[in-house]
Structure formats: C-alpha cells, structure tokens
Amino acid sequence: MKTQIKRAAITILASFFCLHVYCQKESLIIKPGATWPDTEGNHINVHGGGIIFYHNTYYWFGEYRLPRNDMDRSHYGVGCYSSKDLVKWKNEGFALQVTDDTTSLLVRGCVIERPKVIYNKKTGKFVMWFHHELKGQGYRAALTGVAVSNTITGPYKYIRSLRPNAGIWPVNFTEEQKNATVKASDLKSGSDEWKKAVKDGLFLRRDFAGGQMARDMNLFVDSDGKAYHIFSSEENQTLHIAELTDDYLNFTGRYFRVLPGDSNEAPAIFKKNGKYFLFTSGTTGWKPNPGRVAVSDGLFKDWTPLGNPSRGTENENKTTFGSQSTYVLPVEGKKDLLIFMADRWIPENLADSRYIWLPVEWENGTPIIKWYPEWDITRLK
Ligand code: GAL
C-alpha cells in the first residue's frame, strides 16, 4: 500500500513537473515598455506601426528611426520584421527607403510616419500607405503616400503622395456647411466661435480645392474586402474615413467626417461583433495624453465617444500608460484576443521608443486596457 501511495505521489509530482516545463516552453511573454530585441539582439525598430498576417506569419511594418539623440526627426523609411509567434521577430530589412534622389518627394530628410500595409486579394499586391511630410517643411505638407509591392517584405515601389479628396464633399456635410463663408482669419483661434466653425468644416472648406490634410493614419479592410484609410485631417481637428478604390491604390471620393472638432489622432480601428471601435489619442505631439475610444454601427455612421479606455492609476489614465495608440491586432487562432498596440515615444532618441502591447479587455461593451508588466499570449483565448 505504502509503495502504491509513493508511486502515485511520484507520478503526480512528475506530471506537475512536465506540465511546468511544457508551460514554460510554450509561454509567449509580452513585456510592455521593455526593450524588445529582435533575433539579432537589436531593439525592434518599427515605430507607429501595424501588423498583417500572411501565410502563417506576422509582418510588422513601422517607422525605422535613426538611433540619434539630436532631435533629428529624419529616418531611413519603413522597416519590416517577421514572426511566427508575435514574440521572436526577424529583421526583414527596409520595405521602403528614403532616397538620395533630390527630385523625389521621398528624398532623405522627409518624414514617413505610421506606415501600414494591407493585402489586396483581387490584385495579389501588397499596398502600403503612410503619412508623408516633405523635407524642410516640418509638418505643413500633411500628405499621404502610397507604395506597392508584389512581395510582402518589399521593396515597395513608391507611387505618389497626395492630399485626398480634392474637390469632393464628405458624405456627412450639410448644404449649410458647404455654403458657409466664415474664414479662419475672421475668428480668434481657440474661441467658442472658432470651435463651432471648425466643427462645421472651416478647414475642410479651406482645403476643398487642393485636397484634405492627412496626418496620423491607419488602414482598415472590412469583411467585404473594401479598404478604408483613416486619417487626422482639418488641422488635426477632425478624422476622416475615406474609402479606397478596389486596387487600394487610390481614393474613391467617398469619405466621412468622424467626431468633427474633437481633435483626435493616432487612430486604430477594429471590428468586433458587427460593431466598429476606434482608439485614438488627443493631439499633444510626442507627449502622451488620455486615450479615447469610440464606437459606431458602421464606418460611415455617426461615432459615439466611450471615454478613456485606460483602467489604471490616475496618472496612467492621463497618459494611456505612457503611450499613444497605433494599431489593434486580432491574434490568429484566438477568438477574442485583440492586442492594443501603442508607442511610448522617446523624442530624444525615437529609435529607442518602446512598444506598449496590452490585451483589449471589455467592460459592458466598452473596450478597455489595463496595465500588465508582462503577460502571456498563450494564456488568453
Ligand atoms: C504625434 C503623432 C506622431 C508624430 C508626432 C510628431 O502627435 O501622433 O505620429 O507625428 O506627433 O510630433
């Protein structure tokens, strides 16, 4: 009897040990805010990025920043990394690079931010859009650039940069708004009258002929294969969601103003149970601010703000855990796991900026985020 008990105890202990080893081997730990070495040991350099899943592999695209300390905002272009498990990332080199050709808008010294890549099933091509600012012009140009490639890692062929939807009114713009004559120079910037005029399209009308400003951006492919470009427009006061053509290389001219006058940027959009959700930030440059989340029944339907998604200490909520949203990633094979991806910017050395990845959680239908110093992808469904 004693031997039997002993044997049973040994078997149980052994099983626990095996389970422990198995779990350790399988765990995939994310450490938000830590340095994140790639397979060569260098901190991953794809800031303001997004991820696409293709042929059983994740590809992470983002801003490849120069490791400098001199506030130099220039960089080499768009970096790409690949991974099977979202934790170990291999550097795939540049997907798009700035050039020394001074006749190109992509000349070294220009700014490429928040690049995103989507796959077009009809054309079999990968399409990249990015926020593009021209050399020596600060953030004045407010363009969006597009590039295309037959292979996912590139190199992508640069097509052009533009201000979208020149000469076209958004679908949710009234006749009264179209015909208003008030000008920015008539109003005191920041006054109540100015705020109302901005909400009613002051800057949209100003930019009507030349095309709408396009800064912080994201892309979204809906379940029917239609793709949308979402960007901070109208002097960063209003987001636009603009439909892309079937090849994803241009705008169709259908676009919708989202939360007019609310000054949102860093848009990251996702769909869950038929509803569309949108994480954004306020507009404080590299400094983090309280994040925001909104919901809608359709991309071209009115959006309802749901407040600040952060559930941490007062200070954490004021800064979105020290970060700014960039993408929401649905994890393959996991029914409910969506990863809120954000950047903790280090403006003195943008290359060293950190990645804040947290699982999206839910509170009465509202997506929320909580802080975990580390968490295991394998533990979530
Ligand atoms: C932020 C924006 C970043 C970058 C930065 C420059 O507001 O989200 O992508 O453009 O401003 O100051």
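When a ligand or atom number is given, it counts from 1 through the structure's own listing order.
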contact_flag D216 ligand 1 heavy-atom lt 4.0 Å: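 The answer is yes: ligand 1 sits under 4.0 Å from a heavy atom of D216.
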Pairs under 3.5 angstrom only: tabulate donor-acceptor contacts from the side chains of residues 199-211 to other protein residues two or more places apart or in another chain.
residue: D200; atom: OD1; partner: Q177; partner atom: NE2; Å: 3.0
residue: D200; atom: OD2; partner: K196; partner atom: NZ; Å: 2.7
residue: R205; atom: NE; partner: A180; partner atom: O; Å: 3.3
residue: R205; atom: NH1; partner: Q177; partner atom: O; Å: 2.7
residue: R205; atom: NH1; partner: D200; partner atom: O; Å: 3.0
residue: R206; atom: NH1; partner: E235; partner atom: OE2; Å: 3.0
residue: R206; atom: NH2; partner: E235; partner atom: OE2; Å: 2.9

Qualifying side chain to side chain donor-acceptor pair (under 3.5 Å) pairs with a residue from residues 327-340, counting only residues at least two apart or across chains: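 Pairs touching residues 327-340 that pass the test: K272-D336.
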R215 and ligand 1 - part of the residue with a heavy-atom distance under 4.0 Å: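 It is neither part, as no heavy atom is under 4.0 Å.
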Ring centers of F251, W129 separated by less than 6.0 Å: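 They qualify: ring centres under 6.0 Å apart.
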Aromatic centroids of H47 and Y355 separated by under 6.0 Å: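 When the ring centroids of Y355 and H47 are compared, they turn out to be within the sub-6.0 Å range.
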Between [X] and ligand 1, is there a nitrogen or oxygen pair with a distance under 3.5 Å?
X	result
E265	yes
H131	no
E113	yes
T284	no

D297/K275 ion pair, N-O < 4.0 Å: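 A salt bridge links D297 with K275.
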R354/D343 salt bridge by N-O under 4.0 Å criterion: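 R354 and D343: not salt-bridged.
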Close-contact set for ligand 1 against G285 heavy atoms, below 4.0 Å: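 Every atom of ligand 1 under 4.0 Å from some heavy atom of G285: 1 (C), 7 (O), 11 (O), 12 (O).
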Contacting atoms of ligand 1, where contact means under 4.0 angstrom from a heavy atom of Y139: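 Under 4.0 Å from Y139, ligand 1 has these atoms: 6 (C), 10 (O).
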